[in-house]
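Below is one structure, written out as structure tokens; the observations come after it.
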Amino acid sequence: MHRKLENVFYEVRAPRLSWDDIGGLSGPKAKMKEMVCLPLTKAKELRAMGVTFPAGVMLWGPLGLGITMLAEAAAKEAGATFVYVSGQEMLGKADRMAQAFEMAVREAPSVFFISDIDWLCPRAGASYEWAPGNFRGKTPTFAGIAFTEKFLVLLDGLLEVPEVRLVGSCYRIDVVDQAAIKEKKRFNRKIYVAPPSAHDRREILSIYARKMPLAADADLDAIARDAQGCTGWDIENLCRKAAIVAVSEGVPAVGRRHFDAALRSITPWLTPDMVEGYDRIFREDCPHHYSF
């Protein structure tokens, strides 16, 4: 069911997507099963072992990789309600935001996914430059201090409701206010969703390519290798454009030349300095936040 909470977009529904609908991301999938699904499906057993649950999990990485899909697939596996709120839509609407949190509690057991935490909890003085002149992905606007403080108070309230698994997302972890990432509350665990490897791109490509007839020379392994810098949404666009080229030629199947033409017509989201930057940020981050 899609609903409108005044001017805040949110969605409450039984999750539809499964892990098989997401190409690549084997590492993040495993972490989501551990940090989000287990506390919902094996809560009693974990408590008997003296295991403390993550208060909240922050997924971070490039845009267009299917981070929202990871949260939905986790909800499906756990048999929980999927509650999604757009962080962008929350800006300037503190009262509506509080209602969204109440709704997540009412729908428990639930996976409560809040996107764009970098919009809601910006780090003062953060640098958004990947390389000289490259600010790709920089948030266009930010929450004020008063709004961020109210948001953090709401996050703390979820500690009392273990049946709500809190999941957030941001495109860079180093631009988020550290107040949102606490040792025992808020988003105290992280999952890095890295730029896709050639293997990841191949898996993503196969999901979109299976929807179209392929010619014998459509070597998906080679196409995936050539699609450097492409995220999931780039690959979806690549397949769409290749299909359009084939239809324009009047042929019944999509071949290698159609994919090559499509590759020449798109601009991959990730630049080499962004790929290097993401890996550097991950290497320099505190490693224990990435374990249960």
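Note that these values count all heavy atoms, side chains included, but never hydrogens, waters or copies made by symmetry.
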Do [X] and [Y] belong together in a cluster built from hydrophobic side chains that touch within less than 4.5 Å?
{"X": "Ile67", "Y": "Tyr208", "result": "no"}
{"X": "Val161", "Y": "Val12", "result": "yes"}
{"X": "Leu220", "Y": "Ile204", "result": "yes"}
{"X": "Met212", "Y": "Trp233", "result": "no"}
{"X": "Ile244", "Y": "Ile266", "result": "no"}

message: Looking only at the aromatic ring of each residue, does the gap between the centers of Trp60 and Tyr192 stay below 6.0 angstrom?
response: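 Aromatic pair counts; centres sit under 6.0 Å.
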Which pair of heavy atoms, one from [X] and one from [Y], lies closest together, and at what distance?
{"X": "Asp116", "Y": "Ser86", "result": "OD2-OG, 4.1 Å"}
{"X": "Pro39", "Y": "Pro54", "result": "CG-CD, 4.5 Å"}
{"X": "Ala224", "Y": "Leu205", "result": "N-CD2, 4.1 Å"}
{"X": "Ser169", "Y": "Phe113", "result": "OG-CZ, 3.5 Å"}
{"X": "Asp21", "Y": "Ile207", "result": "O-CD1, 3.6 Å"}
{"X": "Trp19", "Y": "Ala73", "result": "CE3-CB, 3.5 Å"}

Under the 3.5 angstrom rule, does the side chain of [X] hit a backbone N or O of [Y] as a donor-acceptor pair?
{"X": "Lys93", "Y": "Glu89", "result": "yes"}
{"X": "Glu203", "Y": "Gly24", "result": "yes"}
{"X": "Thr41", "Y": "Ala78", "result": "no"}
{"X": "Arg189", "Y": "Phe292", "result": "yes"}
{"X": "Arg172", "Y": "Gly61", "result": "no"}
{"X": "Ser110", "Y": "Phe82", "result": "no"}
{"X": "Ser291", "Y": "His288", "result": "no"}
{"X": "Ser115", "Y": "Gly87", "result": "yes"}
{"X": "Asn188", "Y": "Gly56", "result": "yes"}
{"X": "Asp200", "Y": "Ser197", "result": "yes"}

Using side-chain heavy atoms (C-beta onward) and a distance below 4.5 Å, is [X] in contact with [Y]?
{"X": "Trp119", "Y": "Cys170", "answer": "no"}
{"X": "Phe147", "Y": "Met90", "answer": "yes"}
{"X": "Met274", "Y": "Thr271", "answer": "yes"}
{"X": "Val175", "Y": "Pro122", "answer": "no"}
{"X": "Val245", "Y": "Val254", "answer": "no"}

Distance from [X] atom [atom1] to [Y] atom [atom2], nearest 0.5 Å?
{"X": "Met32", "Y": "Leu38", "atom1": "CE", "atom2": "CG", "value": "12.0 Å"}
{"X": "Ser206", "Y": "Lys211", "atom1": "OG", "atom2": "NZ", "value": "11.0 Å"}
{"X": "Gln88", "Y": "Asp118", "atom1": "CD", "atom2": "CG", "value": "9.0 Å"}
{"X": "Glu284", "Y": "Asp174", "atom1": "CD", "atom2": "CG", "value": "9.0 Å"}
{"X": "Asp234", "Y": "Leu270", "atom1": "CG", "atom2": "CG", "value": "7.5 Å"}
{"X": "Phe187", "Y": "Ile117", "atom1": "CZ", "atom2": "CD1", "value": "4.0 Å"}

Pair [X] + [Y]: basic N to acidic O under 4.0 Å:
{"X": "Arg123", "Y": "Asp177", "value": "no"}
{"X": "Lys76", "Y": "Glu72", "value": "no"}
{"X": "Arg280", "Y": "Glu276", "value": "no"}

- request: Scan side-chain atoms only and decide if Tyr278 and Asp273 contain a donor-acceptor pair under the 3.5 Å cut-off.
  value: no
- request: For ring pair (Phe, Tyr, Trp, His ring centres under 6.0 Å), just list the numbers for Phe112 and Phe101, CA-CA rounded to whole Å, side-chain angles, deciding distance to a tenth of an Å, and then say yes or no.
  value: CA-CA 8 Å; Phe112 183 27; Phe101 274 73; 5.0 Å; yes
Counting only heavy atoms not in [X] (residues, nucleotides, ligands), do more than 12 fall under 6.0 Å from its [atom1]?
{"X": "Leu63", "atom1": "CG", "answer": "yes"}
{"X": "Glu45", "atom1": "CD", "answer": "yes"}
{"X": "Lys150", "atom1": "NZ", "answer": "no"}

message: Which residues pass the salt bridge (charged side-chain N to carboxylate O under 4.0 Å, His left out) test with Arg201, not counting sequence neighbours?
response: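 Testing Arg201 for salt bridge (charged side-chain N to carboxylate O under 4.0 Å, His left out), a comparison that skips the adjacent residues, returns none.
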- request: List the steps, then state whether side chain to side chain contact (heavy atoms under 4.5 Å, CB included) holds for Val167 with Ile114.
  value: CA-CA 6 Å; Val167 181; Ile114 307 171; over 6 Å; no
message: Applying side chain to side chain contact (heavy atoms under 4.5 Å, CB included) to Ile181 and Gln178, what does each step give before you reach the verdict?
response: CA-CA 5 Å; Ile181 304 168; Gln178 291 302 294; 4.0 Å; yes
task: For Phe53 and Arg47, run side chain to side chain contact (heavy atoms under 4.5 Å, CB included): C-alpha distance rounded to whole Å, both residues' side-chain angles, the deciding distance at 0.1 Å, then the answer.
output: CA-CA 9 Å; Phe53 303 167; Arg47 290 193 182 97; 3.7 Å; yes
- request: Scan for salt bridge (charged side-chain N to carboxylate O under 4.0 Å, His left out) pairs involving residues 252-264, sequence neighbours excluded, and state none if there are none.
  value: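 Qualifying pairs: Asp226-Arg256, Glu249-Arg257, Arg256-Asp260.
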field: Passing candidate, side-chain contact (heavy atoms from CB on, under 4.5 Å) with Val111, options Val83, Leu166, Thr81, Leu40
entry: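 That would be Leu40; it is the only one of Val83, Leu166, Thr81, Leu40 passing the side-chain contact (heavy atoms from CB on, under 4.5 Å) with Val111.
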query: Which is it for Val57 and Ile191 under the side chain to side chain contact (heavy atoms under 4.5 Å, CB included) test, yes or no, and what are the steps along the way?
result: CA-CA 7 Å; Val57 177; Ile191 297 175; 3.6 Å; yes
task: Answer yes or no for Arg136 and Trp269: cation-pi contact, defined as NZ/CZ to six-membered ring centre under 6.0 Å and angle to ring axis within 45°.
output: yes
message: Going by side-chain hydrogen bond (donor to acceptor under 3.5 Å, both in side chains), name the residues that satisfy it together with Asp285, two or more places apart in sequence or in a different chain.
response: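 side-chain hydrogen bond (donor to acceptor under 3.5 Å, both in side chains) check on Asp285 returns Lys190, Tyr290.
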